[in-house]
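Quick caveat, the model's predicted, so the values are computed rather than measured. Numbering of residues begins at 1 and proceeds along the displayed sequence.
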Amino acid sequence: MDQEQIQINEAAEWFFFSGGPGAPRYGDDPTKHAVDHDSEAFVREVLQNANDQGLPNGDPVEVAFRFVTLRGDEKEEFLNGLGWDDGLGERMRAVADTNNGRRYERVVERVNDPDAEIRLLVVEDRNTTGLTGNWDEDSNYAALVRDELYSSKQDDTAGGSYGLGKSVLWTFSGASTVVFNSHLTHGVREDDSPRLIARSKFPTHQLANDDTTYQGAGWLCQPVETDDGPRPESFWGERASQLAEQLHVERPAVSGTSAMVVEFQDPTRDERPDIEDLAQEFVDASVKYFWPAIYRGDLEITVETSDEILTADVESVPAIRPFVEAYDERTTDAQTLVDPGDVAGLDIPVKLPPRADGAETPDGSVRLSARLASPADDDAYLNNVALFRGAGMVVKYYDQSRVAYGDRNFFGVLAAGEARPEGIPSESDREVDRFLRFAEPPEHDEWESTENLREQYQRGFRTALDDMFGTVRDGLRHLISKGSNSDSLSDNVLNRFPIHGSGNPRSTTSPADPAFEIDSSSRFNGDAWTISGRIEVLLEEFDGWSADISLTGVGEDGSRYDDIPIDSVEIEQSGVTVSYDDGCAHLVADETVNEVSFYGRSHSDEAADLVHGDVGATQLEILAELQTTEEDQA
């Protein structure tokens with residue numbers, strides 16, 4: 001190590017804020033418990049973060065996963081650069097003695113074992129924004145390096161919006177430590193790139209012979225004095241470059257960020273997997289969740305080990321190819337699937353509620369396409385529908401096995417928002433994209449009712465989602481049925497909209513002026529069909545209301561079976577009476593009841609195909625009527 005490198009290492013300092021008397025203590029990082037912790041989840045989250053930071057220049061975002069293994073002198077030099085003997089090691093030994101310290105104890109043992117390796121994972125992205133901004137402002141630098149559960153992503157089409165995905169970097173570090181090296185694409189210090197800083201997330205701790213209580217977060221940095229006291233500051237320019245080289249996180253001088261996970265580990269495994277196996281898992285997970293972005297040329301991914309460089313392309317994972325074909329031919333006019341490999345498609349209408357500020361939203365549609373399976377296909381995701389929007393990340397593989405029958409197996413794609421058209425997205429596409437973005441929970445693995453939707457849109461968001469999924473199921477039945485498909489979707493399916501099976505809402509009023517919000521579900525429990533749901537009156541003034549609940553079997557080809565008689569419906573609220581007539585339950589509520597939750601079951605002594613769950617699905621219908629003060633009915 002030359003004299004200049006020694007000076008750089010001496011300038012680097014681990015900085016921790018002290019809590020002071022009575023300050024809250026943190027036993028662990030709570031975000032560790034908010035997302036899945038397998039390697040697939042890691043790949044999904046970090047790729048989403050990189051994809052969201054892409055520059056609007058038409059070039060793809062490039063992401064390279066690079067595994068590095070250090071032993072001997074390389075390991076010692078790395079630990080010197082990381083400040084192991086200048087504060088980090090002492091703190092890790094301190095937190096190893098806490099209730100959640102076992103993971104840190106293992107790292108200390110590995111560091112002290114001259115024969116043990118240290119495993120690093122570098123996630124390097126290019127053609128992205130880089131860590132722009134300052135510590136004390138709203139910026140993507142502050143959101144990643146300083147803040148918790150805070151996102152600076154303002155783009156309505158961004159994949160993430162909770163600021164939670166970045167937490168996997170620390171969750172997968174045995175040392176809870178991540179090093180960042182970034183080239184900025186803009187900003188007042190763009191020409192000073194690169195910038196380098198490391199951050200640790202430890203439990204609250206104390207050091208030997210030191211009564212100070214330290215908060216968990218710490219930074220390897222050059223602390224600076226400000227009017228508000230000392231705070232961490234990045235390394236810049238040549239100093240950052242030299243320290244990056246020592247830490248094996250050097251990068252080319254192009255815009256983007258490299259994040260290095262110190263002592264990479266999969267917290268769901270009790271054994272240390274081979275890097276070659278991990279590399280293949282990363283390729284598979286990349287293609288599984290980001291094939292739309294890869295196929296469109298928006299994202300390029302490689303996984304590097306000391307022996308080889310693997311490329312994640314849509315041809316490398318056979319199970320994904322049928323979905324790619326369904327997406328590629330999604331705009332087809334065909335609505336008939338005849339031979340294996342055929343693709344047919346339908347537009348699924350989406351009616352969005354107004355935004356929370358009262359702004360009206362345009363009605364739009366999403367594109368459903370399906371490819372009839374062939375015996376040669378990999379069937380890992382058979383009879384699933386890949387759901388995604390403009391970000392190009394598959395939110396979920398939506399299992400619709402109950403829709404398939406006989407030899408009518410399929411692979412489906414629901415291209416929503418900005419992923420729907422081949423050309424420029426319309427205003428409604430952008431609004432649908434925005435709506436579905438806020439419908440994603442922190443894990444971004446579902447489109448469902450969320451607190452974000454409640455904040456961003458007026459009532460009706462839940463109904464909009466239920467209606468969309470209900471029509472998707474109807475649309476799939478339409479596409480794969482063997483009968484005549486000469487009728488259009490509007491004739492065959494949309495006449496039933498928004499009525500659909502397996503627990504979905506029906507409003508007796510026009511979609512523009514709903515009087516009820518209804519959720520319901522049904523499932524077979526081995527003996528009979530159980531049903532449950534909630535009926536909420538959306539108007540403030542009414543004299544009472546009633547609802548008829550009925551259950552019908554729906555065959556695998558979409559045909560309706562006989563009614564399934566309802567045996568009982570239980571309601572705990574007062575002010576509601578229940579009666580039964582010809583297998584249907586009839587609810588009558590007075591003017592004090594604006595919301596009811598119910599639970600019930602069907603008779604268990606009906607035809608075998610109904611009570612044994614042999615029907616393709618059930619359609620739970622709720623027909624509600626409202627008594628208003630004007631004695632008219634809504």
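- For the residue pair Val343 and Ala334, the shortest heavy atom distance occurs at O-CB, 3.8 Å.
- When the shell of 6.0 Å around CG of Asp357 is examined, it contains more than 12 heavy atoms from other residues, nucleotides or ligands.
- Residues Leu465 and Leu436 meet the side-chain proximity criterion, which asks for heavy atoms closer than 4.5 Å.
- Heavy-atom minimum distance, Asp429 versus Ser365: OD1-O, 4.1 Å.
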Q: Evaluate the side chain to side chain donor-acceptor pair (under 3.5 Å) criterion for residues Asp466 and Thr463: first the C-alpha distance (whole Å), next the side-chain angles of each, then the deciding distance (0.1 Å), finally the verdict.
A: CA-CA 5 Å; Asp466 289 343; Thr463 299; 5.7 Å; no
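- The existence of a salt bridge linking Glu536 and Arg462 is excluded, since no basic side-chain nitrogen approaches an acidic carboxylate oxygen closer than 4.0 Å.
- No more than 12 heavy atoms of other residues, nucleotides or ligands lie within 6.0 Å of CD in Glu572, so this atom counts as exposed by the packing criterion.
- The CD1 atom of Ile531 sits 10.5 Å away from atom CD of Glu570, with the distance rounded to the nearest 0.5 Å.
- In this structure, the side chain of Arg420 does not engage the main chain of Asp347 through any donor-acceptor pair within 3.5 Å.
- Between Phe435 and Phe461, the distance separating the two ring centers is not shorter than 6.0 angstrom.
- Using a distance-only test at 3.5 Å, with no hydrogens or angles considered, a donor-acceptor pair links the side chain of Asp433 to the main chain of Gly390.
- The residues Lys396 and Glu448 are annotated as not salt-bridged, no charged nitrogen and carboxylate oxygen being separated by less than 4.0 angstrom.
- Within 6.0 Å of the CD atom in Glu137, the count of heavy atoms belonging to other residues, nucleotides or ligands exceeds 12.
- When all heavy atoms of Ser568 and Tyr580 are compared, the pair lying nearest together is CA-OH, 3.4 Å.
- Arg330 contributes a side-chain N or O that, together with a main-chain N or O of Tyr327, makes up a donor-acceptor pair within less than 3.5 Å.
- Using a distance-only test at 3.5 Å, with no hydrogens or angles considered, a donor-acceptor pair links the side chain of Tyr397 to the main chain of Lys288.
- Considering every non-hydrogen atom in both Val394 and Ala386, the closest pair reads CG1-CB, 4.2 Å.
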Q.
Apply side chain to side chain contact (heavy atoms under 4.5 Å, CB included) to residues Trp545 and Ile535 and explain how you reach the verdict.
A. CA-CA 11 Å; Trp545 56 273; Ile535 305 172; 4.0 Å; yes
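- Salt-bridge formation is detected for the pair Glu431/Arg355: a Lys NZ or Arg NE/NH1/NH2 atom is positioned less than 4.0 Å from an Asp or Glu carboxylate oxygen.
- Of the candidates Val366, Leu352, Val432, Leu368, Val366 is the only one forming a side chain to side chain contact (heavy atoms under 4.5 Å, CB included) with Met468.
- Remark: side-chain polar atoms of Asp581 are not paired, donor with acceptor, to backbone N or O of Cys584 under 3.5 angstrom.
- In this structure, a donor-acceptor pair under 3.5 Å is absent between the side chains of Tyr289 and Gln48.
- Panel note: side chain Arg44, backbone Val395; a donor-acceptor pair is recorded below 3.5 Å.
- Between Thr592 and Asp590, the side chains place a donor N or O and an acceptor N or O closer than 3.5 Å (distance only, hydrogens not considered).
- Between Phe42 atom CZ and Asp266 atom CG the span is 10.0 Å, to the nearest 0.5 Å.
- With sequence neighbours left out, the ring-ring contact (aromatic ring centres under 6.0 Å, His included) criterion links Phe410 to no other residue.
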Q: Test Thr450 against Asn452 for side chain to side chain donor-acceptor pair (under 3.5 Å), laying out the working first.
A: CA-CA 5 Å; Thr450 66; Asn452 267 344; 5.3 Å; no
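- Listed here is the closest heavy atom pair of Ser520 and Ile622: CB-CD1, 3.9 Å.
- For Trp291, the ring-ring contact (aromatic ring centres under 6.0 Å, His included) partners at least two apart in sequence or on another chain are Phe388.
- Side chains of Asp474 and Thr471: a donor-acceptor N/O pair is absent below 3.5 angstrom, by distance only.
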